[in-house]
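Below: one structure, written as structure tokens.
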Amino acid sequence: MLPINEIEKKWQKYWEDSQVFVAHNNSDKPKYYYLVEFPYPSGAGLHVGHVRSYTALDAMARKKRMMGYNVLFPLGWDAFGAPAEQYAIKNHIHPKKAVEENIKVFKEQVKKLGMSVDWTREFSTTDPEYYKWTQWQFLKFFEHGMAYKAKKNINWCPNCKMGLSNEDASGGVCERCGTQVEQREKEQWMLRMSDYAQDLIDGLEDTDFQERTKLAQINWIGKSTGAEVSFKIKEVDDSLLIYTTRPDTLYGVTFMVVAPEHPMIDKYQDLINNMDEIKAYREMANKKSELERTQLVKDKTGVKISGLTAINPINDKEIPIYISDYVMMNYGTGAIMAVPAHDERDYDFAKKFGIDIIEVIKGGDISKEAYTGDGEMVNSGVLNGLTNKKDSIAKMIAHLKERGIGHEKTNFKLQDWIFSRQRFWGEPIPLIYCEDCGWVAVPEKDLPVLLPDVTEYEPTDDGESPLAKITDWVNTTCPKCGKPARRETDTMPNWAGSSWYWLRYMDPHNDKEFVSQEALKYWGKLDWYNGGMEHAARHLLYARFWNQFLYNIGLVPNKEPFKVRVSHGMILGEGGVKMSKSLGNVINPDDMIKLYGADALRCYEMFIGDYEKEVAWSEQGLNGCKRFIDRVIRLGNKVVEGDEYSQNLEKIINKSIKKVTEDIDSMKFNTAVSTLMILLNEMEKQDTITKKEYRTLCLLLNPIAPHITEELNAVYEMGKPLCESTWPVWDEAKTVEEEKEIAVQVNGKVRSTIRVNLNDDEETIKEKALQEENVIHHIADKEIVKVIVIKGKIINIVVK
RNA sequence: GCAAGAGUGGCGGAAUGGUAGACGCGAUGGUCUCAAACACCAUUGGUAGCAAUACCAUGUGGGUUCAAGUCCCAUCUCUUGCACCA
């Protein structure tokens, strides 16, 4: 027997040379498409967390192939974007070079794990052959009016010197470096993602995502229904538009609040008497980080706008207008009607500024707190007497519409996608600005717009992309009129490349189209998509949005791209703390392979616990799996000729085939491994085992431990390589034991066990149970009320 | 605050309403060895008992049921999302 590392190399070479894992775009077999999110090839190398999800998908893919499917299981690299650029800046190498090196390391590591990846389909998002088509698809957005440039107050990370999407700046800190984000005004390319908000909610019904994933998406989209109402301003011929989900409380409005950035303030600054005070407040609010501003604080701040007064359209009452940073410019209309009696925030504000509080819904004590519950309407004109929110809202909306002062309105938290980055390491946005023609698309024949080869790739302080400095590259001619023009110097976010990569795997070398229609039709939807829970909201939304757009313009056959989406749990360090460089508890998969072998590592990561839950690493546990593998090897000493299952093992083998088959399909890898351990325990008790029996064990273990099982199959000359063999089938009739030990309960407590035969009738079982000494003891001098016999399971004697 | 998920031995974790703790780790004792490692055998939820066995035990309190870790109600704790979203 070869040493483990030799065995691993041998079979990895065999798999590669024989091309058994290459998927075919035309096949009579049924297709199945597995995908695990492609990694950022960071300098840190592969993490044991990668090993968990890769092994899981690999095991499923291997089994599916053995079951006769044409399986697509590709892998590639998501190498654009800030992480790669930061790494390059830090290590003073060109990102291209850094990416190449990192990919090499990653790929080697993945190969060492024995993944059944179809490497003929590998690509990186940074390959010009790939990003040509990313650019091409961006131009489709542009052509269809889905991309536009807008002055945007963007999240700006002063450390990374980069604009961030709301998603990248969640919580008010830069996702990459943790620096507090500032606000900066910048012209940015935007994609009209908010147009798709409703479709992105509806489309979830066509998916089999986990409930928690669907929920994350729905929350992120943040749909709410209510009304827009305009409030006239007394001093000028203008009105203030607000959004509310509670138009039923309109009679309870005692003031208005606008966001500090609200344009009304500048528009009427001449009429405002306390502009100094307001300006000071605005400055203070702007300095506050998003984090501070979005924190729920009881202590509200704000300034009354002196000189402007609003009029409540429902009762013509005059009410004051305030500015306060608890109202956000980027949601709704940036202005609200405040109903302190029935909204906590408005209540806090009113209390602090001594504003009237008018109750319009009965049920609470408004002298103590805002009442947000349901109840009878009071002080509410046309609504008086109504007793529930639903009716009140409906009636008020009808009323508003009739009088032309408001209408029903749905709002989404989901914003348009800020698609510009002032970075070097991204796909150049393929547009040219001409003084005469405006923004013009780069013609398809000129794609890709390649990144220039420069040495200066550090970001600039003024927030422009480093590309802006490269005049040779920037200066060009207008494709429309031929006059001198300038290239767009912004690049795409790294979410771009990952928003369609699963499509490219279907047809990765096509230089005529982003993917052929035949390939799209053949592979259809991605059947099983695995990725981190951290991507459940953003990546998944971007990807679905992108795909829905392609569908709407007729480029892909399915509106929803993914069938199943699953997320693996994180692997924590020993003791349950997060693995991190600073704690020094990061486990390198390479070291583990060296010490225990790739199969043991794979086996352990499958055995470690529930796949979807996070779990703590344990090297002793890994060693336990190595012992298991060693015992499987040693069992070979008992192998004798024979192509049948022996009587002793027939039952357990059939049961094991059934259990392992079902468990792998439902991602219960931990119990699949334990089933195999139990099977091994039984086999070890035998004096000899037949080749057929040993081969079945190897086949069942193969998806999880592919190298050693292939080797054992070869060493004991048990047949063709397992990866080219068919998955074992079980005989249902042989999974049932004829004799079984069942429990005998008296009043629900187990008092004895009896052996029963499958064919025993209830009367026989009952008699047998009643003869048990301990049972007799417990029913002595008591009356038997009834006897419950569940065949093959349990018998319960109820006594009084 | 809202939403989702989870609470089971020393640990990771098993249990279509039917013998709770499978399987593994660790631990204890033993075999092998000059010794150790490896391997193998045995024991291993708690309490009491020589034992048979009994009682207790799946966060807590109720309920449904012949039977509840599993179903229902309430409650506590933890984790993860989302969060001045009007």
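Here the structure is a predicted model, which is why all the values come from computation and not from measurement. Computed from heavy atoms alone, side chains included, the values below leave out hydrogens, waters and symmetry copies.
In terms of the ring-ring contact (aromatic ring centres under 6.0 Å, His included) criterion, A:F231 has no residue partners (sequence neighbours excluded). Under the salt bridge (Lys or Arg N to Asp or Glu O under 4.0 Å) criterion, A:K638 pairs with no residue, sequence neighbours left out. For A:D374, there are no salt bridge (Lys or Arg N to Asp or Glu O under 4.0 Å) partners two or more places apart in sequence or in a different chain. A:K655 is linked by a side chain to side chain contact (heavy atoms under 4.5 Å, CB included) to A:T735, A:E737, counting only residues two or more places apart in sequence or in another chain. Applying the side chain to side chain contact (heavy atoms under 4.5 Å, CB included) criterion to A:T688, with sequence neighbours excluded, gives A:V640. Qualifying salt bridge (Lys or Arg N to Asp or Glu O under 4.0 Å) partners for A:E684, counting only residues two or more places apart in sequence or in other chains: A:R631. Take A:K768 and apply the side chain to side chain contact (heavy atoms under 4.5 Å, CB included) test, not counting sequence neighbours, and it matches A:I754, A:D760. Partners of A:Q210 under the side chain to side chain contact (heavy atoms under 4.5 Å, CB included) rule, at least two apart in sequence or in another chain, are A:R212, A:T213, A:V566, A:S567, A:E612.
Comparing A:A537 and A:G222 against RNA chain B, the residue whose closest nucleotide sits nearer the 5' end is A:A537. Between A:S618 and A:G332, the residue anchored closer to the 5' end of RNA chain B is A:S618, taking for each the nucleotide with the nearest heavy atom.
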Protein-nucleotides 19-23 of chain B N/O pairs under 3.5 Å:
| unit_1 | atom_1 | unit_2 | atom_2 | d |
| --- | --- | --- | --- | --- |
| B:U19 | O4 | A:E741 | O | 2.8 |

I'd like a table of atom pairs between the protein and nucleotides 55-58 of chain B - only N or O on both sides, under 3.5 Å - with the distance next to each one.
| unit_1 | atom_1 | unit_2 | atom_2 | d |
| --- | --- | --- | --- | --- |
| B:C55 | OP1 | A:R751 | NH2 | 3.3 |
| B:C55 | OP2 | A:R751 | NH1 | 3.0 |
| B:C56 | OP2 | A:K749 | NZ | 3.0 |

What nitrogen or oxygen pairs link the protein and nucleotides 38-42 of chain B at under 3.5 Å?
| unit_1 | atom_1 | unit_2 | atom_2 | d |
| --- | --- | --- | --- | --- |
| B:A39 | O3' | A:R634 | NH1 | 3.2 |

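Under the 4.5 Å side-chain criterion, counting only non-hydrogen atoms from C-beta, A:I742 is in contact with A:I765.
Rounded to a whole angstrom, the distance from the P atom of B:G9 to that of B:U60 is 10 Å.
Between the CG atom of A:L676 and the P atom of B:G24 there is a distance of 12 Å, rounded to whole Å. Taking atom CD of residue A:E605 and atom P of nucleotide B:G12, one finds them 17 Å apart after rounding to whole Å. Whole-Å rounding puts the A:E261 CD to B:C85 P distance at 16 Å.
Interface remark: the A:N219 side chain does not form any donor-acceptor pair with the B:C82 base, using a distance-only criterion of under 3.5 Å.
Within the 4.0 angstrom heavy-atom criterion, only backbone atoms of the sugar-phosphate kind lie near A:N774; the bases stay farther away. Using a 4.0 Å heavy-atom distance criterion, A:I790 is classed as a base contact.
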For RNA chain B, the expected dot-bracket line (Watson-Crick or G-U under 3.5 Å, [ ] crossing, | inter-strand) is (((((((..(((.....[....)))((((((.......))))))((((....))))..(((((..]....))))))))))))....
